[in-house]
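For ligands, and for the atoms within them, numbers begin at 1 and follow the listed sequence. Only a predicted model underlies this, so the values are computations on that prediction, with no experimental measurement involved. Reckoned from all heavy atoms, side chains included, excluding hydrogens, waters and symmetry mates. Residue numbers count from 1 along this sequence.
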Amino acid sequence: METCDLAIRGGTLVTATDQFSADIGIRDGRIVQIAESVSATEEIDASGLLVLPGGIDAHVHLDQPTSDGTVMADDFASGTRSAAAGGNTTVLPFAMQVKGSSLRQSVEDYHRKADGNCFTDVSFHLVISDPTPQVLGQELPALVRDGYTSFKVFMTYDDLMLNDTELLEVFDVARREQALVMVHAEGHDAIRYMTDKLETEGKTAPYYHAEAHAQIAEREATHRAISHAQLTDVPVVIVHVSGRDPMEQIQWARKRGMKVFAETCPQYITLTRDDLKGLNMDFEGAKYVCSPPPRDHDSQAAIWDGLRDGTFDLFSSDHCPFYFEAPDNTGKNNDRARTSFKWVPNGIPGVETRLPILFSEGVSKGRISIERFVALTSTNPARLYGLHPQKGTLSVGADADITLWDPELQATIRQDRLNHGSDYTPFEGLQITGWPVRTILRGQTVAKDGKPTAAAASGRHLKRGTSVTGYP
Ligand code: URP
Ligand code: ZN
Ligand code: ZN
Ligand code: ZN
């Protein structure tokens, strides 16, 4: 056996199925040995630490222009540095098709923004907003073959949403090409009806976003998406599931043997709609505006059940970072947003706090096992999105993407400790037990003690295969 470049010694390795004491040997960016004792030219002492596969955040928005000119607070450099500081080695952002332009063109635009600027590995999901015959017939099949094996579709937002016919057409292509469709399931007409009604009653504060985006509208759209998936016989992922009602639809489909996968996010276990009230129904509430919005304690309890019992496959951040105060008035706190909740940019930052929140609220508080934590945050996203076995586990031959975790470290989430671009965190003040202390990307340390350390942007774009969970 050739000597290794790097050995990680004395830690407790955790995978989605077990935990054991071993050393890891790394050569040329890959794991080449997992054994009782490994030696190498360089060594990291991991005693007292957990050795986890690097986090994979499968739902991240970076440098996406919005239709009203609001600027995102993270580009690919700042967003992936923040991700690395939070224990992630791979993120899956979106390459969003602008209506009227070709999908291939949009993918090239996002590569121009990302290539050479990333501090974690990345791979794009495609957002299809304009499924023309050219897109469905030529561009999508070619892009899937090039390794873009997942697409997101929206059932709401004027500039993004597809109608039911278009959804069915996209699902049909996905089945043919063995790609995975992610669905933003919220019923557009119900949201519009509620928005108009609330505005007529003078209810325009950020809080009313939570009433306009009712859980009923999410439940209805989830069921509709599932029905379309059944009709076209295609696996789907329902993303950012917020509560009990849509969960019941997913469980209904699973009982019938359908391949419906589900994702939830930190905001749905830590926040409620009351956070959107701010201090006294004031504009502070805009800091929590995301879609679907956080619900209530009953939904939080349901989400925990789902994280434990396998209803959820994925725990992602849905990092969608905006400024609160932006000097050029493009932040959440902009003039137009102050006239109605409907103009507040939707989305909150969270790529750096996703893993600490699930570890602390889940593992440290005894709600989920450490193996389940690894499954939800690394192994399942790798398997579902075509990155397995290169990513998402600790095994010989896999990329040496490793997060060293101190399960005892106590910290409080504070904006001034984070590395994201936003000027606030919606999780300010949350007490955390367990934090990543070192992030290793293909054998190189990219973050240490909560700070990015990589001098160069060594993240690569990953060409993905077919989902091993979706198309076994
Ligand atoms: O409010 C959210 N989640 N914004 C991000 C876009 C999306 O729908 O995922
Ligand atoms: Zn590229
Ligand atoms: Zn969405
Ligand atoms: Zn999102």
Which atom, counting only N, O or S, brings Asp318 closest to the Zn ion (ligand 4)? OD1
Any carboxylate oxygen within less than 4.0 angstrom of a Lys/Arg side-chain nitrogen, looking at Lys259 and Asp233? no
Salt-bridge contact Arg338-Asp335 (side-chain N to carboxylate O under 4.0 Å): no
Any idea which part of Asn346 is under 4.0 Å from ligand 1, heavy-atom wise: side chain, backbone, both or neither? both
Which of Asn163, Val170, Val153, Leu103 passes side-chain contact (heavy atoms from CB on, under 4.5 Å) with Pro131? It is Val170
The atom of His184 among N, O or S that is nearest the Zn ion (ligand 3) is ND1
Quick one: which of Gln64, Lys152, Met96 has a heavy atom closest to atom 7 (C) of ligand 1? Lys152
Answer yes or no as to whether an N/O/S atom of His61 is found below 2.8 Å from the Zn ion (ligand 4). yes
Check whether more than 12 heavy atoms from other residues, nucleotides or ligands sit under 6.0 Å from atom CZ of Arg460, and answer yes or no. no
Closer than 2.8 Å to the Zn ion (ligand 4), do we get an N, O or S atom from His240, backbone or side chain? no
Regarding ligand 1, does Cys320 bring an N or O atom to under 3.5 Å of one of the ligand's N or O atoms? no
Distance check below 2.8 Å: does Val239 bring an N, O or S atom to the Zn ion (ligand 3)? no
Taking atom CD1 of Ile56 and atom OG of Ser316, what is their separation to the nearest 0.5 Å? 10.5 Å
